[in-house]
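Heads up: the structure comes next, in structure tokens.
Index from 1, following the sequence. If you're wondering where the values come from, they're calculated on a predicted model, not measured in any experiment.
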Amino acid sequence: MAFASHYKLDNLMAVLDVNRLGQSEPAPLQHKIDIYRKRCEAFGWHTEVVDGHSVDELCKAFWQASMINGKPTMVIAKTFKGKGIEGVEDKENWHGKAIPKDEVEAVINSIKALITNEKKLVPGQPTEDAPPVCLQNIKLSAPPAYKHLEKVATRKAYGTALAKLGHDNKNVIALDGDTKNSTFSDMFKKAHPKRFIECYIAEQNMVSVAVGCCTRDRTVAFASTFATFFCRAFDQIRMAAISESNINLVGSHCGISIGELNLNISKLIPNSRGTFLCHSLRSSSSPGYGFSEVHQRLCKWLYFTCECTEHR
């Protein structure tokens, strides 16, 4: 939430379904809507409080959200689990449970009796007004130009190559979790400031933002931080892979010289591929690899396993 308000994402709207109940017991705040509202506003969000069972109120709130400038909108919807079902509505211990077979027909009939308008709503298809983007064959225009036996940290080679790749293709973007002066993604920021997203120390959110940026194949995103910090975002990475997102996760400071930070969780993630880089020439070419297979939608990892002491 802090990320959205910081960047004034007024094209973002979220819906908070306040249904009082958790899975095994009531949620701490239950239906204390005003507390939810104050907390959202404290994070810099515009709020709209509605009856979550009223289509009219929801539509009005959605329209109102489109009128707000400079901040995201949170629609706080008060709802009741099992709404309209006698013996189930707002009752505990029904989460994930099916209605008993001998009660199903009566429940269906009671819900149908609540329908006062038989008119079927057919929403229109979204307008495809975004220009087409081709993400095939993204690669470096020229190979790295290092001198023989020159010592260059693999992560610096990565930063150099990423900035260069950004010159070669305007759809390449970079994200970092406040480690850009260590991962050298700051080289990309200096060269392409409008295509760099600082996500601060919130790796879970950084991965989610990268996935969002890759949606509909609009961009090629490189998200970087210390390799071990990606452990914090394991669930987001797992869901990204299941969704076949084409994100590129870049982890520095793992392996030989800083072994205590070593990890390779890419082996635990489906639809992903990990590459360990221990040479500057390979690091320089790594940002351009794999884009000919963009249609395969792999969650790709880059790990920098060795560091030259001059570039700590």
Got [X] and [Y] here, is their nearest side-chain heavy-atom distance under 4.5 Å?
{"X": "H253", "Y": "T228", "value": "no"}
{"X": "Q236", "Y": "I247", "value": "no"}
{"X": "M74", "Y": "M1", "value": "yes"}
{"X": "F3", "Y": "L12", "value": "no"}
{"X": "K180", "Y": "K190", "value": "no"}
{"X": "F230", "Y": "T225", "value": "yes"}
{"X": "C213", "Y": "V209", "value": "yes"}
{"X": "N169", "Y": "V220", "value": "no"}

### Task
List in chain and number order the residues that pass salt bridge (Lys or Arg N to Asp or Glu O under 4.0 Å) with D56, two or more places apart in sequence or in another chain; answer none if no residue qualifies.
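In terms of salt bridge (Lys or Arg N to Asp or Glu O under 4.0 Å), with neighbours along the sequence ignored, D56 is linked to no residue.
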#### Entry: Donor-acceptor contact below 3.5 Å, side chain R37 vs main chain V49
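No.
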### Query
Taking atom types as modelled and ignoring hydrogens, do the side chains of E41 and T47 form a donor-acceptor contact shorter than 3.5 angstrom?
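The criterion, which ignores hydrogens and geometry beyond distance, is satisfied for T47 and E41.
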### Query
Can you find a side-chain donor-acceptor pair between S185 and T183 that sits under 3.5 Å?
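Note: S185 and T183 side chains meet the donor-acceptor criterion.
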Going hydrophobic residue to hydrophobic residue with side-chain gaps under 4.5 angstrom, can you get from [X] over to [Y]?
{"X": "V104", "Y": "W94", "answer": "yes"}
{"X": "F43", "Y": "Y36", "answer": "yes"}
{"X": "M13", "Y": "W45", "answer": "no"}
{"X": "L21", "Y": "I99", "answer": "no"}
{"X": "V88", "Y": "I108", "answer": "yes"}

### Query
Applying the side-chain hydrogen bond (donor to acceptor under 3.5 Å, both in side chains) test to D90, which of H31, R20, K83 qualifies?
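Running side-chain hydrogen bond (donor to acceptor under 3.5 Å, both in side chains) over H31, R20, K83 with D90 returns exactly one hit, R20.
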Of all the heavy-atom pairs spanning [X] and [Y], show the shortest one and how long it is.
{"X": "L175", "Y": "A221", "result": "CD1-CB, 3.9 Å"}
{"X": "H192", "Y": "A163", "result": "NE2-O, 2.9 Å"}
{"X": "G177", "Y": "M206", "result": "N-SD, 3.5 Å"}
{"X": "V172", "Y": "F188", "result": "O-CZ, 3.4 Å"}
{"X": "E89", "Y": "G84", "result": "OE1-N, 2.9 Å"}
{"X": "A157", "Y": "V152", "result": "N-CG1, 4.2 Å"}

### Query
Which pairs count as side-chain hydrogen bond (donor to acceptor under 3.5 Å, both in side chains) when at least one residue sits in residues 1-19, sequence neighbours excluded?
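Sorted result for residues 1-19: H6-Y200, D17-T79.
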To the nearest 0.5 Å, what is the distance between [atom1] on [X] and [atom2] on [Y]?
{"X": "H95", "Y": "E25", "atom1": "NE2", "atom2": "CD", "result": "13.0 Å"}
{"X": "I242", "Y": "R238", "atom1": "CD1", "atom2": "CZ", "result": "5.0 Å"}
{"X": "L162", "Y": "F184", "atom1": "CG", "atom2": "CZ", "result": "13.0 Å"}
{"X": "I173", "Y": "I197", "atom1": "CD1", "atom2": "CD1", "result": "4.5 Å"}

### Message
Please determine whether salt bridge (charged side-chain N to carboxylate O under 4.0 Å, His left out) holds for the pair D168 and K164, giving the CA-CA distance in whole Å, both sets of side-chain angles, and the decisive distance to 0.1 Å.
### Response
CA-CA 6 Å; D168 295 335; K164 188 174 183 179; over 6 Å; no
#### Entry: Salt bridge K78-E57, side-chain N to carboxylate O under 4.0 Å
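Judged by the 4.0 Å cut-off on N to carboxylate O distance, K78 and E57 do not form a salt bridge.
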### Message
Before you tell me yes or no, could you show the steps for D186 and K189 under salt bridge (charged side-chain N to carboxylate O under 4.0 Å, His left out), namely the whole-Å CA-CA distance, both residues' side-chain angles and the distance that decides it to 0.1 Å?
### Response
CA-CA 5 Å; D186 59 353; K189 178 182 180 180; over 6 Å; no
### Task
Test side-chain contact (heavy atoms from CB on, under 4.5 Å) on I85 and E103 and set out the steps.
CA-CA 11 Å; I85 304 177; E103 299 178 21; over 6 Å; no
